[in-house]
Protein chains: 2
Amino acid sequence: MSTTVLVINSGSSSIKYQLIEPEEGVVVASGLVERIGEDEGLLRHTFEGVDTRLTEPVPDHGAGLRRVLELFAEVGPDLGAAGIVAVGHRVVQGGARYSGPALVDDHVLADIEELIPLAPLHNPPNLRGIQVARDLLPDVPHVAVFDTAFFSDLPDAAATYALDREVATRYRVRRYGAHGTSHQYVSRTAATVVGRPLEELRQVVLHLGNGASASAVAGGRAVDTSMGMTPLEGLVMGTRTGDIDPAVIFHLSRNAGFTIDEIDDLFNRRSGLKGLSGKNDMREVHGLVAAGDAGARLALDVYAHRLRKYVGGYAAVMGGLDVLSFTAGIGENDEIVRAEALSGLEFLGIELDPARNAGRMSEPKVISTDRSRVTVLVVPTKEEQEIARQVIDLV
Amino acid sequence: MSTTVLVINSGSSSIKYQLIEPEEGVVVASGLVERIGEDEGLLRHTFEGVDTRLTEPVPDHGAGLRRVLELFAEVGPDLGAAGIVAVGHRVVQGGARYSGPALVDDHVLADIEELIPLAPLHNPPNLRGIQVARDLLPDVPHVAVFDTAFFSDLPDAAATYALDREVATRYRVRRYGAHGTSHQYVSRTAATVVGRPLEELRQVVLHLGNGASASAVAGGRAVDTSMGMTPLEGLVMGTRTGDIDPAVIFHLSRNAGFTIDEIDDLFNRRSGLKGLSGKNDMREVHGLVAAGDAGARLALDVYAHRLRKYVGGYAAVMGGLDVLSFTAGIGENDEIVRAEALSGLEFLGIELDPARNAGRMSEPKVISTDRSRVTVLVVPTKEEQEIARQVIDLV
Ligand SMILES: Nc1ncnc2c1ncn2[C@@H]1O[C@H](COP(=O)(O)OP(=O)(O)O)[C@@H](O)[C@H]1O
Ligand SMILES: Nc1ncnc2c1ncn2[C@@H]1O[C@H](COP(=O)(O)OP(=O)(O)O)[C@@H](O)[C@H]1O
């Protein structure tokens with residue numbers, strides 16, 4: 001009998017799940033519940049190439065997960081027969097405390113709750129997901145895998161803001177990062193692909209999805225990352241500003257009369273690619289650029305400029321660069337962004353091969369030339385498989 | 001008869017001035033008025049090696065400048081005999097409009113006033129200084145020299161935040177930079193020192209004073225800079241955070257109950273070196289480090305880490321680096337910071353010469369080895385001489 005892990009990502013109005021064979025990283029089944037709490041919920045379950053879609057009210061997360069378990073029973077696979085040994089839960093904020101996955105107990109639940117002020121949008125639904133899953137699947141261990149864990153032991157020089165220490169300590173202000181599971185998976189996979197020991201490599205990982213983050217990974221250990229106390233800092237994202245003078249907030253508060261909540265919404269949901277071009281989806285940005293749209297061209301220029309700055313900055317932090325990997329929706333599929341992000345970086349020893357860079361990738365692939373000093377890769381991220389792997393290592 | 005320019009820097013409670021022979025950059029006389037509006041004001045005037053110090057009430061900027069002119073008459077030099085041909089005024093914020101010095105007329109005054117929302121602490125006293133100086137010295141032209149001018153034509157990719165365009169346009173949110181006169185002077189002087197055409201060089205300038213900023217200068221033109229819409233963004237400073245996740249403001253507003261004004265004060269006046277170590281003066285930070293203080297050690301580490309990130313980032317923005325210059329109080333005097341800022345950057349072709357780097361410098365000096373691919377310099381900044389030079393070029 002095979003061994004499987006059920007990986008759950010519980011959001012404010014959705015539950016995404018995958019049933020995974022962790023050894024091989026095979027996804028046996030997957031699905032999602034959306035619009036929880038709305039008039040009509042959506043359910044989707046995929047098993048053996050068959051897509052089941054349902055529309056029905058899903059009042060809360062408990063009802064949603066109960067329906068998911070019914071779908072497993074009705075459509076398959078049977079969870080018992082599938083050898084489910086654990087449930088892995090993605091949790092966004094683990095603070096400075098969790099440097100790896102944690103077997104869920106009351107203490108861990110209390111910690112996740114206690115960290116809500118640092119991730120007010122994410123930790124509450126993550127917590128809810130764990131609670132309902134434990135009720136419905138009480139016989140297997142549940143494991144929390146934190147998005148921040150890979151960055152929990154960043155060097156102090158990278159993790160510390162130049163802020164009053166008392167305020168920072170009291171309100172727990174530091175760089176926690178995010179997308180850690182992806183950066184960890186990609187940097188480890190990249191070492192395998194280039195066939196060199198992880199311990200020897202200075203790597204930059206560019207995770208470019210709707211959210212986007214860069215990390216510097218030296219010897220397998222994260223030494224810097226672009227997301228900060230929250231996922232707002234760093235690269236230009238689909239709808240987020242990334243780096244911006246914090247005094248812009250003071251300025252807009254005083255001169256535009258915006259409230260903090262309005263500025264939060266503006267920076268997190270109406271900025272980034274969307275703020276500059278009107279579109280948060282990079283494919284649509286390219287469409288506008290092709291049609292001669294100046295705002296979209298500017299969006300792409302600002303996006304690539306920020307990426308170059310981070311690549312150079314992280315090379316400096318590590319004293320050099322050996323491997324650079326692109327991942328996530330844009331990183332895996334967008335040859336234009338990959339080329340623009342690295343243009344002018346020949347002085348770092350980066351030489352992209354245009355033919356290798358062409359196209360979308362679903363498997364790890366080298367896209368630099370053979371003589372490029374830095375090996376540039378596309379490594380499709382597999383956060384759920386990485387969660388399953390970490391879970392199986394723990395239980 | 002010599003030709004001189006009176007350079008005035010008018011702050012909220014102070015007026016600093018220098019009488020300069022612009023051709024040679026000779027400072028004929030200098031001084032300052034402090035504590036304007038307080039019970040006791042301070043005046044200091046230096047001419048021919050003689051320091052005159054006075055303590056007396058100085059009710060306002062007009063009274064202050066009147067006393068300065070009296071000191072010129074009493075102590076010397078006589079302004080008429082000194083051949084004063086113009087007055088140059090430092091103005092912090094010139095917006096995107098002023099790419100060079102401007103002969104002051106009602107239109108320029110209106111512009112400086114109109115830009116107050118972007119520099120609420122600086123433009124009002126700058127404006128006041130111009131007004132009282134024009135009243136008292138009506139027979140010479142007055143010239144405004146803007147701190148932002150050198151950065152007014154940054155490439156759009158560097159000047160634009162990934163913010164909603166309508167909001168950005170309406171409230172004029174963009175990167176204006178600051179310390180422009182210093183970055184311009186230092187980058188031009190550096191080209192002379194290395195004996196190569198400015199047009200050919202890719203330079204980084206690190207202006208490290210109480211305020212601190214980095215710039216990337218390619219072919220004599222600024223292509224990026226670390227200060228943003230305001231001087232809060234970028235490097236770690238004496239009392240300012242520099243770069244920080246903007247969401248820290250939302251967090252402190254919600255969880256600490258701080259007002260915007262309190263957070264502004266916290267970020268601008270109680271953070272940076274002071275926030276981390278208790279001391280905003282780098283000499284005192286070193287003193288604490290020597291005594292084994294962990295907070296001071298952390299402050300220095302965060303300071304140097306940020307610098308390395310910017311040096312690498314700006315090399316990437318320019319596609320390489322030829323010359324790097326240190327300037328201002330810390331840059332000119334602090335060999336430890338210079339060494340730590342560049343440690344690990346050998347891969348960029350930077351090789352510091354420890355003997356050349358030792359000590360404080362009052363003249364431009366090469367501090368890299370002869371075989372270093374990047375020439376590293378200390379170039380003492382002379383903002384007032386640069387202002388005088390720009391003024392004389394204009395009038
Ligand atoms: N073929 C493609 N070319 C360019 N961008 C693409 C392509 N396919 C997907 N993307 C982009 O990937 C982004 C979403 O990435 P993804 O990793 O799925 O995001 P999330 O952060 O939501 O997991 C979108 O901006 C989308 O436009
Ligand atoms: N010998 C020195 N060693 C280290 N730092 C010094 C030295 N002399 C001055 N400084 C530092 O220079 C900084 C002030 O720089 P300065 O350019 O005068 O500032 P600003 O013009 O921005 O007010 C202070 O942090 C001070 O400690």
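Keep in mind the model is a prediction, meaning the values are calculated, not measured. Below, read A as the first sequence line, B as the second, and so on, with proteins coming before strands; counting in each chain starts at 1.
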S.K.: Heavy-atom pairs under 4.5 Å with chain A are the metric here; pick the option from B/G295, B/A256, B/G344 that has the most.
M.R.: B/A256
S.K.: Which pair of heavy atoms, one from A/R306 and one from B/A162, lies closest together, and at what distance?
M.R.: NH2-N, 4.2 Å
S.K.: Checking an interface table here. Which of residues 165-174 of chain A come within a heavy-atom distance under 4.5 Å of chain B?
M.R.: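 Expected list: A/R165, A/V167, A/Y171, A/V173.
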S.K.: At a heavy-atom separation under 4.5 Å, does A/A304 approach chain B through its side chain, its backbone, both, or neither?
M.R.: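 Neither part, no heavy atoms under 4.5 Å.
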S.K.: Considering only heavy atoms and a distance below 4.5 Å, find which of B/L321, B/D301, B/L276, B/T241 pairs most often with chain A.
M.R.: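 Max contact count across the listed options: B/L276.
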S.K.: Which bit of A/L252 comes within less than 4.5 Å of chain B, counting heavy atoms only: side chain, backbone, both or neither?
M.R.: side chain
S.K.: For B/R269, does the CZ atom sit with more than 12 other heavy atoms under 6.0 Å from it, leaving out its own atoms?
M.R.: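 Counting neighbours around CZ of B/R269, 12 or fewer heavy atoms of other residues, nucleotides or ligands fall under 6.0 Å, so no.
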S.K.: Where on B/A299 is there a heavy atom nearer than 4.5 Å to chain A: the side chain, the backbone, both, or neither?
M.R.: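 For B/A299, no heavy atom lies under 4.5 Å from chain A.
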S.K.: Sort B/T230 into side chain, backbone, both or neither according to what part of it lies under 4.5 angstrom from a heavy atom of chain A.
M.R.: both
S.K.: Please rank A/H305, A/E346, A/R308 by heavy-atom pairs under 4.5 Å with chain B and give me the top one.
M.R.: A/H305
S.K.: Please determine whether a side-chain nitrogen of the Lys or Arg among A/D245 and B/R175 lies less than 4.0 Å from a carboxylate oxygen of the Asp or Glu.
M.R.: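 No, no charged N to carboxylate O under 4.0 Å.
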S.K.: What distance separates A/I249 CD1 from B/I249 CD1, expressed to the nearest 0.5 Å?
M.R.: 3.5 Å
S.K.: Out of B/Y314, B/F267, B/Y310, return the one with the most heavy atom pairs under 4.5 angstrom to chain A.
M.R.: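 Most heavy-atom pairs under 4.5 Å with chain A: B/F267.
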S.K.: Below 4.5 Å, heavy-atom pairs only: which of A/T239, A/D243, A/D261 has the largest tally toward chain B?
M.R.: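 Sorted descending by pairs with chain B, the first entry is A/D261.
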S.K.: Before you tell me yes or no, could you show the steps for A/L266 and B/L163 under side-chain contact (heavy atoms from CB on, under 4.5 Å), namely the whole-Å CA-CA distance, both residues' side-chain angles and the distance that decides it to 0.1 Å?
M.R.: CA-CA 8 Å; A/L266 174 70; B/L163 188 66; 4.2 Å; yes
S.K.: May I ask you to say whether A/R254 pairs ionically with B/D264, meaning some side-chain N is under 4.0 Å from a carboxylate O?
M.R.: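 Result for this pair is yes, salt bridge flagged.
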S.K.: Output the distance between atom CZ (A/F347) and atom CG (B/L348), rounded to the nearest 0.5 Å.
M.R.: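 A/F347 CZ to B/L348 CG: 6.0 Å, rounded to 0.5 Å.
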S.K.: If you compare all heavy atoms of A/P246 against all heavy atoms of B/L232, which two are closest, and at what distance to 0.1 Å?
M.R.: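 Smallest interatomic distance, heavy atoms only, reads CG-CD2, 3.7 Å.
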S.K.: At their closest point, which heavy atom of A/V302 faces which heavy atom of B/T160, and how far apart are they?
M.R.: CG1-O, 3.8 Å
S.K.: Kindly give the heavy-atom pair with the smallest separation between A/P117 and B/H251, and that separation in Å.
M.R.: O-ND1, 3.6 Å
S.K.: With a 4.5 Å cut-off on heavy-atom pairs, point out which of B/V236, B/N255, B/L345 contacts chain A the most.
M.R.: B/N255
S.K.: Can you confirm whether more than 12 heavy atoms, excluding those of B/E262, are under 6.0 Å from its CD atom?
M.R.: yes
S.K.: Quick one: which of A/S277, A/S271, A/S343 has the most heavy-atom pairs under 4.5 Å with chain B, could you say?
M.R.: A/S271
S.K.: Heavy-atom distances under 4.5 Å only: say whether B/I244 touches chain A with side chain, backbone, both or neither.
M.R.: both
S.K.: Closest heavy-atom contact between B/V248 and A/Y161?
M.R.: CG2-CE1, 4.4 Å
S.K.: May I ask you to name which of A/G228, A/P120, A/A157 has the most heavy-atom pairs under 4.5 Å with chain B?
M.R.: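 If we count pairs closer than 4.5 Å to chain B, A/A157 comes out on top.
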S.K.: Please classify the contact between B/F258 and chain A as side chain, backbone, both or neither, with a heavy-atom cut-off of under 4.5 Å.
M.R.: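 Side chain only.
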S.K.: To the nearest 0.5 Å, what is the distance between CZ (A/F250) and CE (B/M229)?
M.R.: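 One finds 9.5 Å between CZ of A/F250 and CE of B/M229.
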S.K.: Look at B/G349, B/G278, B/A247 and state which one has the largest set of heavy-atom pairs under 4.5 Å with chain A.
M.R.: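 The candidate making the most pairs under 4.5 Å is B/A247.
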